[in-house]
Undergrad: 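Pasting a structure here, questions to come.
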Amino acid sequence: VQLQASGGGLVQAGGSLTLSCATSRDIFIYNVMGWYRQAPGKQRELVARTSSGGSTTYADSVKGRFTIFRDKVQNTVYLQMNSLKPEDTAVYYCWSSRGNGLWGQGTLVTVSS
């Protein structure tokens, strides 16, 4: 598995979760890394991504609440999610721009109202 995602779970609205995506060093260093999500009945959408240089992009719906960051020692990308809302409920996927794009397995985030 080239992208190993973890950290999903059940949380109440207003709570926090941190997702992690561990990968190999060459994938981590040289590629854009990001998180997408797919809610039931909806298309997969970008949540956040970070370039190899550290610049970040966020979906408007998560700006100010979510933070994506890299751990260069662990070759891991994290998604810190605060002030979670029920509409954040989805399966979250780690992604890398490596090749034609790599996907990790999904991790389910459920936010209860």
Side-chain angles (χ1 to χ4, degrees):
V1 178
Q2 293 181 290
L3 301 176
Q4 185 69 46
S6 61
L10 173 64
V11 64
Q12 288 187 333
S16 299
L17 277 177
T18 300
L19 306 182
S20 60
C21 176
T23 187
S24 65
R25 185 160 182 77
D26 64 328
I27 290 175
F28 180 85
I29 290 177
Y30 299 116
N31 295 279
V32 179
M33 302 291 296
W35 290 93
Y36 285 73
R37 68 186 180 187
Q38 188 166 18
K42 295 187 177 181
Q43 290 187 332
R44 193 172 296 189
E45 63 176 2
L46 173 69
V47 176
R49 63 186 179 199
T50 173
S51 72
S52 56
S55 62
T56 56
T57 302
Y58 294 93
D60 287 344
S61 60
V62 307
K63 283 181 181 177
R65 300 189 297 122
F66 291 11
T67 303
I68 188 170
F69 58 98
R70 294 173 176 252
D71 182 330
K72 297 178 181 179
V73 175
Q74 299 294 328
N75 298 325
T76 299
V77 176
Y78 296 93
L79 184 68
Q80 173 68 45
M81 305 184 293
N82 298 325
S83 301
L84 282 161
K85 304 175 181 180
E87 51 263 45
D88 295 318
T89 294
V91 177
Y92 284 70
Y93 296 91
C94 181
W95 169 85
S96 166
S97 63
R98 170 77 168 259
N100 293 321
L102 293 176
W103 293 96
Q105 84 283 11
T107 184
L108 177 62
V109 173
T110 303
V111 184
S112 63
S113 57

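The structure displayed is predicted, hence computed values, not measured ones. Atoms considered below: every heavy atom in the structure, side chains included; atoms not considered: hydrogens, waters and symmetry mates. Residue numbers start at 1 and run along the sequence shown.
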Undergrad: Say you draw a straight line from CZ of Phe28 to CD of Gln74; how long is it, rounded to the nearest 0.5 Å?
TA: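 So the CZ of Phe28 and the CD of Gln74 are separated by 9.5 Å.
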Undergrad: Answer yes if Val77 and Val91 sit in the same cluster of Ile, Leu, Val, Met, Phe, Trp and Tyr residues linked by side chain heavy atoms under 4.5 Å apart, and no otherwise.
TA: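 Result: no, two separate clusters.
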Undergrad: Between Ser16 and Asn82, is there a side-chain donor-acceptor contact under 3.5 Å, judged purely by atom types and distance?
TA: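 Their side chains do contain a donor-acceptor pair, which is all the 3.5 Å distance test asks for.
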Undergrad: Ignoring hydrogens, what is the shortest heavy-atom contact between Arg25 and Lys72? Give both atom names and the distance.
TA: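 Between these two residues, the closest heavy atoms are NH1-O, 3.5 Å.
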Undergrad: Quick one: do Thr50 and Phe69 satisfy side chain to side chain contact (heavy atoms under 4.5 Å, CB included)? Show the steps, please.
TA: CA-CA 7 Å; Thr50 173; Phe69 58 98; over 6 Å; no
Undergrad: Taking atom CG of Leu108 and atom CG of Leu10, what is their separation to the nearest 0.5 Å?
TA: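 Spacing of CG (Leu108) from CG (Leu10) equals 9.0 Å.
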Undergrad: How about Tyr58 and Ile68: do any of their side-chain heavy atoms sit closer than 4.5 Å?
TA: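 Yes; the side chains approach each other to less than 4.5 Å.
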Undergrad: Please round to the nearest 0.5 Å and tell me the distance separating atom OG of Ser55 and atom CZ of Arg49.
TA: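 Ser55 atom OG to Arg49 atom CZ measures 9.0 Å (nearest 0.5 Å).
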Undergrad: OG/Ser51 to CZ/Arg70 distance, rounded to the nearest 0.5 angstrom?
TA: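 Rounded to the nearest 0.5 Å, the OG-CZ separation comes out at 6.5 Å.
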Undergrad: Can a donor-acceptor pair be found between the side chains of Thr18 and Gln80 at a distance below 3.5 Å?
TA: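 Note: Thr18 and Gln80 side chains meet the donor-acceptor criterion.
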Undergrad: With heavy-atom distances below 4.5 Å as the criterion, would you say the side chains of Leu19 and Val109 are in contact?
TA: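 A side-chain contact under 4.5 Å exists here.
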Undergrad: Can you give me the closest heavy-atom contact between Ile29 and Ser52, atom names plus distance?
TA: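 Heavy-atom minimum between the residues: O-CB, 3.0 Å.
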Undergrad: Is there a path of hydrophobic side-chain contacts, each under 4.5 Å between heavy atoms of I/L/V/M/F/W/Y residues, joining Leu102 to Tyr30?
TA: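 Yes: a chain of side-chain contacts under 4.5 Å links Tyr30 to Leu102.
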Undergrad: Should Ile27 and Leu79 be regarded as members of a common hydrophobic cluster, given that ILVMFWY residues are connected when their side-chain heavy atoms come within less than 4.5 Å of each other, either directly or indirectly?
TA: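 Looking at the clustering, Leu79 is in the same group as Ile27.
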Undergrad: Only one of Tyr92, Tyr93, Trp95 forms a ring pair (Phe, Tyr, Trp, His ring centres under 6.0 Å) with Tyr36, so which one is it?
TA: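 Among the candidates, only Trp95 passes.
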Undergrad: What I want to find out is whether Lys63 reaches Asp60 closely enough, with some N-O distance under 4.0 Å, to be called a salt bridge.
TA: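 Between Asp60 and Lys63 there is a salt bridge, with a charged N closer than 4.0 Å to a carboxylate O.
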Undergrad: Is the shortest side-chain heavy-atom distance between Ser96 and Leu3 below 4.5 Å?
TA: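 Answer yes - side chains close enough.
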Undergrad: Out of the candidates Thr56, Asp88, Leu17, only one should pair with Phe66 under the side-chain contact (heavy atoms from CB on, under 4.5 Å) rule; please name it.
TA: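 Single pass found, and it is Asp88.
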Undergrad: Looking at CG of Leu84 and OG of Ser112, how far apart are the two atoms once the value is rounded to the nearest 0.5 Å?
TA: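 Separation between the atoms: 10.0 Å.
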Undergrad: Judged by atom type as modelled, is there a donor-acceptor pair below 3.5 Å linking the side chain of Gln4 to the main-chain atoms of Gly104?
TA: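 Not a single qualifying donor-acceptor pair exists.
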Undergrad: Any chance you could measure Met33, atom CE, to Cys94, atom SG, to the nearest 0.5 Å?
TA: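 Here the interatomic distance stands at 4.0 Å.
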Undergrad: Are any of the side-chain heavy atoms of Met81 and Val62 separated by less than 4.5 Å?
TA: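 Side chain of Met81 against side chain of Val62, heavy atoms only: no contact under 4.5 Å found.
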Undergrad: Shortest non-hydrogen contact from Ala13 to Ser113?
TA: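 Minimum heavy-atom separation between Ala13 and Ser113: CB-CA, 4.3 Å.
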